[in-house]
Engineer: 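Mind looking over this structure? Questions follow.
Keep in mind it's a predicted model, so treat the numbers as computed, not measured.
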Amino acid sequence: MTTGSSGPSDSAGLGQESWASLLTPRLAQFAAVARHEHITRAAHELGVPQSTLSRAMARLEEDLHISLLARHGRAVSLTPAGRAFARAVERALGEVERAAEVVRTDADPATGKVAFGFLHTMGPETVPALIREFRSDHPGIRFSLVQSYGEDMMERMREGELDLCLTSPIPDAPDLVTRRLALQRLRLVVPADHRLAGRRRVRLAEAAEEAFVTLEPGYGLRKLTEKLCAQAGFTPRVAFEGEEAETLRGLVAAGLGVALLPPPTVPRPGVQELSVTAPAAVREIGVAWMAGHPDTQPVAAFKAFLLSRRDRVLAGSSEAPHGPAATDVGA
């Protein structure tokens, strides 16, 4: 049984994407009517005039071109179509309720959540230490942690999956705000029986003929390796590519090449780690977030904590060089 008109309210030609915007304002009203099967009682629950609710239900049926309600004075009963629609509406409203509760919970100042991305090389030691220290003052705040490479983390922030990330190199993009937190020296890692293994320091040009093991293209450390080798006057001959710095150390220990890597969490047997004197083999580590996006209180608190750790993010590591004061990038 249908109702219909071909006037301005005719919605037969609506695209699928338009139904949500058309129907959403009346779904909660219909759900109340369906629960009570009485216009007056539903109107009282919603705090709207009975006449307003009656007109809204008539318009809903007109838009859908289907009778949802059988009217018996002020009482109503659901048609078969109305009963099926009511079940779907209750499920949809339940999902909205749950989604609202999730975002409210995640924004709670004491128990909310921070979605934090960081480089694989920051995972074993740096990030756990930072979170441990932060949670000493904010014990209830939760973290959703993502380990990845810089370009992927930037895209995840743009898509709303991450609140902020610890990355290197520091990106330069108009939609991002970044702050430099630290400088970290890189080492030339060679096998223990390598011709350079007896040295403490080396010029990178001395490794020009070596096979290199590196992170895959797209990783910041891979780009930095290529840049430093170019400054030293050669293009690295890449023999193996991987996703984890410690995997690369294992390849070096097996005699499969040399690598430019940040300091290890624990000493790795089978390799020798050499300081690079020329060019200056350092990488900038910074924090990035989306420009113009308001922070929840948990995110704001963790961001302030990270900024307070400038030049101390790598505290306890002898590989954090003393450089010029941290500066803002992309602010």
Side-chain angles (χ1 to χ4, degrees), residues 17 20 95 99 102-103 105-107 112-128 130-131 134 141-184 186 213-228 238 240-248 259-262 282-307 309-310 313-314 326-331:
E17 293 178 354
E95 285 298 315
V102 166
V103 297
T105 300
D106 287 350
K113 185 178 74 173
V114 179
F116 182 43
F118 52 93
L119 300 171
H120 290 280
T121 52
M122 300 282 102
E125 187 172 273
T126 298
V127 168
L130 289 171
I131 292 177
F134 173 74
I141 289 182
R142 298 167 291 121
F143 282 82
S144 173
L145 302 175
V146 173
Q147 286 182 272
S148 191
Y149 59 96
E151 291 179 1
D152 178 63
M153 289 191 291
M154 300 310 114
E155 288 308 308
R156 291 189 183 213
M157 283 201 302
R158 293 183 175 107
E159 293 171 3
E161 296 179 26
L162 291 176
D163 296 311
L164 67 168
C165 65
L166 198 62
T167 188
S168 177
I170 299 175
D172 182 11
D175 60 339
L176 299 178
V177 179
T178 62
R179 299 290 187 271
R180 197 190 77 181
L181 298 179
L183 294 175
Q184 184 180 49
L186 302 179
V213 296
T214 71
L215 296 179
E216 294 177 350
Y219 283 72
L221 190 56
R222 168 65 174 269
K223 294 178 181 178
L224 183 55
T225 294
E226 293 173 345
K227 177 182 176 181
L228 292 171
V238 177
F240 293 92
E241 297 173 336
E243 296 181 343
E244 295 278 356
E246 291 312 302
T247 299
L248 300 187
L260 275 173
L261 295 173
V282 296
R283 67 171 179 170
E284 291 185 320
I285 296 170
V287 60
W289 62 87
M290 295 300 299
H293 285 206
D295 294 327
T296 63
Q297 290 191 47
V299 172
F302 187 59
K303 183 187 295 183
F305 167 77
L306 289 177
L307 295 177
R309 298 282 303 175
R310 285 184 178 188
V313 167
L314 304 174
T327 57
D328 294 350
V329 181

Engineer: Please list, chain by chain and in numerical order, all residues satisfying ring pair (Phe, Tyr, Trp, His ring centres under 6.0 Å) with Phe240, sequence neighbours excluded.
Structural biologist: none
Engineer: Can you run down the salt bridge (Lys or Arg N to Asp or Glu O under 4.0 Å) pairs that involve residues 291-300, sequence neighbours left out, and say none if there aren't any?
Structural biologist: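 Residue pairs with at least one partner in residues 291-300: Asp295-Lys303.
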Engineer: So, for Gly220 and Pro169, which heavy atoms are closest and what is the spacing to 0.1 Å?
Structural biologist: CA-CD, 3.4 Å
Engineer: Quick check: does any side chain N or O of Thr178 sit under 3.5 Å from a backbone N or O of Ala288, one acting as donor and the other as acceptor?
Structural biologist: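 Side chain of Thr178 to backbone of Ala288, a donor-acceptor pair under 3.5 Å: no, none is there.
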Engineer: Can you measure from CG (Leu224) to CG (Leu215) and round to the nearest 0.5 angstrom?
Structural biologist: 10.5 Å
Engineer: Return the set of residues passing salt bridge (Lys or Arg N to Asp or Glu O under 4.0 Å) with Glu95 (not counting sequence neighbours), or none when no residue passes.
Structural biologist: Arg98
Engineer: About how many Å separate CD of Gln147 and CE of Met153, when rounded to the nearest 0.5 Å?
Structural biologist: 9.5 Å
Engineer: Under the salt bridge (Lys or Arg N to Asp or Glu O under 4.0 Å) rule, collect the residues that match up with Glu241, sequence neighbours excluded.
Structural biologist: Arg222
Engineer: Run the numbers on Leu186 and Leu221 for side chain to side chain contact (heavy atoms under 4.5 Å, CB included), then give the verdict.
Structural biologist: CA-CA 10 Å; Leu186 302 179; Leu221 190 56; 3.8 Å; yes
Engineer: Once side chain to side chain contact (heavy atoms under 4.5 Å, CB included) is applied, do any residues pair with Val102, and if so which ones, sequence neighbours excluded?
Structural biologist: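 Scan of Val102 (side chain to side chain contact (heavy atoms under 4.5 Å, CB included), adjacent residues dropped) gives Asp106.
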Engineer: Would you please name every residue forming a side-chain hydrogen bond (donor to acceptor under 3.5 Å, both in side chains) with Thr167, sequence neighbours left out?
Structural biologist: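 Thr167 satisfies side-chain hydrogen bond (donor to acceptor under 3.5 Å, both in side chains) with no residue once adjacent residues are dropped.
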Engineer: What is the distance from atom CD of Glu125 to atom CG of Leu130, rounded to the nearest 0.5 Å?
Structural biologist: 10.5 Å
Engineer: Which heavy-atom pair separates Gly112 from Pro298 by the least distance, and what is that distance?
Structural biologist: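 Shortest heavy-atom separation between Gly112 and Pro298 comes out as CA-CG, 3.7 Å.
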Engineer: I need the Leu314 CG to Gln184 CD distance, nearest 0.5 Å.
Structural biologist: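 Going from CG on Leu314 over to CD on Gln184, the span is 5.0 Å.
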Engineer: Would Leu166 and Leu181 count as a side chain to side chain contact (heavy atoms under 4.5 Å, CB included) here? Give the steps.
Structural biologist: CA-CA 9 Å; Leu166 198 62; Leu181 298 179; 3.5 Å; yes
Engineer: With sequence neighbours left out, what residues match Phe118 under ring pair (Phe, Tyr, Trp, His ring centres under 6.0 Å)?
Structural biologist: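 Only Phe116 meet the ring pair (Phe, Tyr, Trp, His ring centres under 6.0 Å) criterion with Phe118.
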Engineer: Indicate the atoms forming the closest heavy-atom contact of Leu248 with Gly242, along with that distance.
Structural biologist: CD2-N, 4.0 Å
Engineer: If the condition is side-chain hydrogen bond (donor to acceptor under 3.5 Å, both in side chains), which residues does Lys113 pass it with, not counting sequence neighbours?
Structural biologist: none
Engineer: Taking atom SG of Cys165 and atom CE of Met290, what is their separation to the nearest 0.5 Å?
Structural biologist: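 It is 10.5 Å, given to the nearest 0.5 Å.
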Engineer: With the side chain counted from C-beta on, respond yes when Leu176 and Met154 share a heavy-atom pair under 4.5 Å apart, and no when they do not.
Structural biologist: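 In short, these two side chains touch, coming nearer than 4.5 Å.
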Engineer: Minimum heavy-atom separation for Leu261 to Ala245, with atom names?
Structural biologist: CD1-O, 3.8 Å
Engineer: Only counting residues at least two apart or in another chain, list the ones meeting ring pair (Phe, Tyr, Trp, His ring centres under 6.0 Å) with Tyr149.
Structural biologist: Tyr219
Engineer: Out of curiosity, Glu284 CD to Leu183 CG, how far, rounded to the nearest 0.5 Å?
Structural biologist: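 Output value for this atom pair is 6.0 Å.
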Engineer: Would you please name every residue forming a side-chain hydrogen bond (donor to acceptor under 3.5 Å, both in side chains) with Arg158, sequence neighbours left out?
Structural biologist: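 Expected list: Glu155, Asp175.
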Engineer: Given side chains that start at C-beta, do those of Val299 and Trp289 come closer than 4.5 Å, heavy atoms only?
Structural biologist: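 A side-chain contact under 4.5 Å is absent here.
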Engineer: Does anything in residues 155-177 form a ring-ring contact (aromatic ring centres under 6.0 Å, His included)? List the pairs, not counting sequence neighbours.
Structural biologist: none
Engineer: Kindly indicate, with the supporting measurements, whether the criterion side chain to side chain contact (heavy atoms under 4.5 Å, CB included) is fulfilled by Leu119 and Arg283.
Structural biologist: CA-CA 13 Å; Leu119 300 171; Arg283 67 171 179 170; 3.8 Å; yes
Engineer: Check whether any side-chain heavy atom of Leu164 sits under 4.5 Å from a side-chain heavy atom of Leu306, and report yes or no.
Structural biologist: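 Answer yes - side chains close enough.
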Engineer: For the pair Phe143 and Ile131, evaluate side chain to side chain contact (heavy atoms under 4.5 Å, CB included) and give the outcome as yes or no after the intermediate values.
Structural biologist: CA-CA 9 Å; Phe143 282 82; Ile131 292 177; 4.0 Å; yes
Engineer: If the condition is side-chain hydrogen bond (donor to acceptor under 3.5 Å, both in side chains), which residues does Glu246 pass it with, not counting sequence neighbours?
Structural biologist: Arg249
